[in-house]
Amino acid sequence: MNIFSYHQATDAASAIALKQAGPAAKYLGGGTNLVDLMRETVEQPEALIDVTHLSGTIEERPDGSLLIGAGAKNTALAAHDAVRSHFPLLSRSILAGASAQIRNVATVGGNILQRTRCRYFYDNAARCNKRQAHAGCDAVDGFNRYHAILGTSEACVATHPSDMCVALVALDAVVHLQGPGGARSLPLRDLHRLPGTRPDVETELQPDELITAVEIPPLAFAQRSTYRKVRDRASYAFALVSVAAALDIDEAGVVKDVRLALGGVAHKPWRALKAEALLRGQTADAAGFRAAAEAELADAVGLRDNAFKIELAKRTIVAVLEELKGEHA
Ligand SMILES: Cc1cc2nc3c(=O)[nH]c(=O)nc-3n(C[C@H](O)[C@H](O)[C@H](O)COP(=O)(O)OP(=O)(O)OC[C@H]3O[C@@H](n4cnc5c(N)ncnc54)[C@H](O)[C@@H]3O)c2cc1C
Ligand code: SF4
């Protein structure tokens with residue numbers, strides 16, 4: 001690990017000013033990802049700007065929306081009454097990740113910006129376009145069981161590792177940002193990028209921009225929602241495939257509305273818009289669920305070790321929708 005200085009920000013403005021003062025500074029949340037990367041010398045910041053004292057308030061508004069400070073701990077968000085009762089998929093997605101100890105210190109901002117778990121990214125002896133632009137990618141012909149099947153490029157086949165983000169993307173969450181040029185917001189769905197030719201550019205964040213909060217708009221039918229994570233071990237493992245879904249069915253058994261997102265399959269949390277469009281207005285049955293899953297995965301491409309994920313993703317979508325349909329019975 002290289003030598004670095006440590007600074008504590010008291011608010012967003014001081015965090016941005018501190019970050020701009022040092023040429024190679026990074027924001028520090030709970031440090032559960034960043035410090036690991038520093039230990040492996042994958043990341044070598046000269047200064048850490050601690051943003052854990054920024055707001056971690058979780059506010060339930062009268063219209064049913066939630067405003068979550070970026071400093072909120074993963075544990076607090078998963079345990080919040082409004083999250084558990086109105087957005088159970090979010091609570092379940094967080095609890096499916098990491099361990100209780102890690103969730104106790106990990107922040108919402110840090111969770112969103114955690115970096116891929118591709119083993120070659122962490123190995124300085126391997127070729128990795130994400131670690132070093134245009135260096136090559138050892139995962140394409142290497143061990144790629146955990147890698148992406150949707151939206152990949154020749155340059156990178158890594159996945160985004162966050163469980164929480166999959167639920168947030170399904171819920172149309174919006175991230176609030178503050179940077180040297182002022183404040184702005186954008187849908188979380190548009191924050192992370194597909195790899196293209198520059199997998200080292202992972203998000204649409206501008207230099208020194210800080211995540212200050214995440215907003216979840218009201219969605220009454222999200223009371224019937226869930227998150228299912230398929231993984232190699234029951235705990236402490238990242239998703240092979242995960243599905244976040246909320247389903248609204250009318251009395252005639254027709255899908256009124258649906259939200260669907262996938263994890264473990266792409267460089268970003270994957271909103272399943274094709275499947276959603278097919279499901280709306282259709283009878284909620286196994287054939288319709290399967291047709292929607294087929295459409296969503298139509299462009300999926302498997303690698304040597306991960307082609308099984310294509311069928312796994314389809315079956316997990318169908319299983320989750322069947323489970324939510326059962327809750328309407
Ligand atoms: C053993 C282990 C198992 C894990 N398993 C899972 C799992 O199964 N599922 C899962 O989803 N996650 C898992 N994780 C990852 C864990 O969820 C993340 O490490 C954690 O959420 C990161 O949050 P943090 O606050 O510690 O971020 P940090 O490590 O502090 O920061 C991560 C990144 O975010 C940036 N950052 C932090 N806050 C802000 C902000 N407000 N604005 C802008 N940039 C910011 C930092 O600069 C850094 O680049 C696991 C981690 C470990 C160590
Ligand atoms: S898949 Fe992406 S992160 Fe992994 S080695 Fe290739 S370029 Fe690096």
Side-chain angles (χ1 to χ4, degrees), residues 9 12 15-16 19 25-38 42-43 45 48-52 54-56 69-75 77 93-99 101-123 126-144 146-148 152-167 175-179 191 195 198-200 202-203 205 208-214 229 231 233 235-239 242 263-264 267 269 303:
I16 294 162
K19 183 128 179 342
K26 287 219 66 161
Y27 294 127
L28 176 72
T32 60
N33 186 221
L34 180 54
V35 174
D36 271 0
L37 288 163
M38 290 168 66
V42 175
E43 300 238 29
L48 290 182
I49 316 304
D50 186 340
V51 293
T52 54
L54 271 59
S55 171
K73 299 292 192 286
N74 287 190
T75 297
L77 184 58
S93 69
I94 295 168
L95 295 175
S99 64
Q101 291 88 343
I102 291 168
R103 295 192 297 268
N104 284 345
V105 289
T107 60
V108 166
N111 190 319
I112 292 170
L113 293 178
Q114 62 173 295
R115 305 195 70 189
T116 185
R117 293 287 159 162
C118 172
R119 62 163 60 175
Y120 301 104
F121 175 64
Y122 283 75
D123 178 359
R127 293 180 308 149
C128 173
N129 287 319
K130 187 181 284 298
R131 193 164 15 81
Q132 188 188 341
H134 313 303
C137 170
D138 275 345
V140 172
D141 296 316
F143 178 74
N144 44 43
Y146 286 93
H147 289 70
T152 55
S153 71
E154 285 181 7
C156 181
V157 290
T159 54
H160 191 268
S162 168
D163 290 294
M164 181 188 79
C165 284
V166 183
V175 277
H176 296 300
L177 307 171
Q178 194 160 331
L191 177 71
R198 290 298 306 273
D200 53 316
E202 296 177 331
T203 69
L205 286 179
D208 303 326
E209 245 178 350
L210 180 71
I211 298 179
T212 53
V214 176
K229 178 176 179 178
R231 47 185 156 172
R233 292 188 310 270
S235 71
Y236 236 46
F238 288 87
S242 68
H267 198 254
L303 299 162

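As the structure lists them, so they are numbered: ligands from 1, and atoms in each ligand from 1.
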For Ala106, counting its heavy atoms only, list the atoms of ligand 1 lying under 4.0 Å from any of them.
-> 20 (C), 21 (O), 23 (O), 24 (P), 25 (O), 26 (O)
Gln114 versus Asn111, side-chain donor and acceptor atoms under 3.5 Å | yes
Atom 8 (Fe) of ligand 2 has as its nearest protein heavy atom Cys128 SG, 2.3 Å
Should you measure from each heavy atom of Val157, which atoms of ligand 2 turn up under 4.0 Å away?
-> 1 (S)
Can a non-hydrogen atom of Ala237 be found less than 4.0 Å from any atom of ligand 1?
-> yes
Report the part of Pro161 (side chain from C-beta onward, or backbone N, CA, C, O) that has a heavy atom under 4.0 Å from ligand 1; answer both or neither where that applies.
-> backbone
Proximal ligand 1 atoms for Leu210, defined as those under 4.0 Å from one of its heavy atoms | 40 (C), 41 (N), 42 (N)
Shortest protein heavy-atom distance from atom 11 (O) of ligand 1, along with the residue and atom involved | Asp163 N, 2.9 Å
the protein heavy atom lying closest to atom 37 (C) of ligand 1 turns out to be Gly110 CA, 3.5 Å
Part of Ile102 with heavy atoms under 4.0 Å of ligand 1, whether side chain, backbone, both or neither | side chain
Contact check: Cys118 to atom 6 (Fe) of ligand 2, N/O/S below 2.8 Å | no
Under 3.5 Å, N or O to N or O, is Leu28 touching ligand 1 that way?
-> no
Taking heavy atoms and a distance under 4.0 Å, where does Cys165 meet ligand 1: side chain, backbone, both or neither?
-> neither
Atom 6 (Fe) of ligand 2 has as its nearest protein heavy atom Cys137 SG, 2.3 Å
Of the listed options (Lys229, Arg231, Arg117), which comes nearest to atom 51 (C) of ligand 1 when hydrogens are ignored and any heavy atom counts?
-> Arg117
Does ligand 2 have a heavy atom under 4.0 Å from the side chain of Arg127, from its backbone, from both, or from neither?
-> backbone
Which of the ligand 1 atoms, numbered from 1, are nearer than 4.0 Å to a heavy atom of Asn74 = 21 (O)
Ligand 1 and Gly29, any nitrogen or oxygen pair closer than 3.5 angstrom?
-> yes
Atom indices of ligand 1 within 4.0 angstrom of Ser162 heavy atoms, with elements = 11 (O)
For atom 46 (C) of ligand 1, find the nearest protein heavy atom and state the residue, atom name and distance (0.1 Å precision).
-> Tyr27 O, 3.0 Å
Options Leu113, Asp36, Asp208, ranked by nearest heavy atom to atom 34 (O) of ligand 1, top entry = Leu113
among protein heavy atoms, the one nearest atom 5 (S) of ligand 2 is Tyr120 CB, 3.5 Å
Protein residue, atom and distance nearest to atom 42 (N) of ligand 1, heavy-atom basis | Ile211 N, 3.0 Å
At what distance, to the nearest 0.5 angstrom, does OG1 of Thr152 lie from CG of Asn144?
-> 10.5 Å
What protein heavy atom is closest to atom 13 (C) of ligand 1, reported as residue, atom name and distance in Å?
-> Phe238 CE2, 3.3 Å
Quick one: does Ala126 get within less than 4.0 Å of ligand 2, heavy atoms only?
-> no
Close N or O approach (Glu209, ligand 1; < 3.5 Å) | no
When distances are taken from atom 20 (C) of ligand 1, the protein heavy atom at minimum range is Thr32 OG1, 3.2 Å
Distance filter under 4.0 Å to Asn33 heavy atoms, resulting ligand 1 atoms | 19 (O), 29 (O)
What atoms in ligand 1 come closer than 4.0 Å to a heavy atom of Gly109?
-> 38 (N)
Which atom names give the shortest non-hydrogen contact between Ala70 and Thr107, and what distance separates them?
-> O-CB, 3.6 Å
Distance to 0.1 Å, residue and atom name: give those for the protein heavy atom nearest to atom 15 (C) of ligand 1.
-> Gln114 OE1, 3.2 Å
What do you reckon, does Gly31 have a nitrogen or oxygen under 3.5 Å from a nitrogen or oxygen of ligand 1?
-> yes
Verify the distance test for His147 against atom 4 (Fe) of ligand 2: any N/O/S atom under 2.8 Å, yes or no.
-> no
Specify whether an N/O/S atom of Cys156 falls short of 2.8 Å from atom 2 (Fe) of ligand 2.
-> yes
Around atom 3 (C) of ligand 1, find the nearest protein heavy atom and jot down its residue, atom name and distance.
-> Ala98 CA, 3.9 Å
List every atom of ligand 2 that sits less than 4.0 Å from any heavy atom of Ala155, numbering the atoms from 1 in the order shown and giving each element.
-> 7 (S)
Do His147 and Val140 have side chains that get closer than 4.5 Å, going by heavy atoms?
-> no
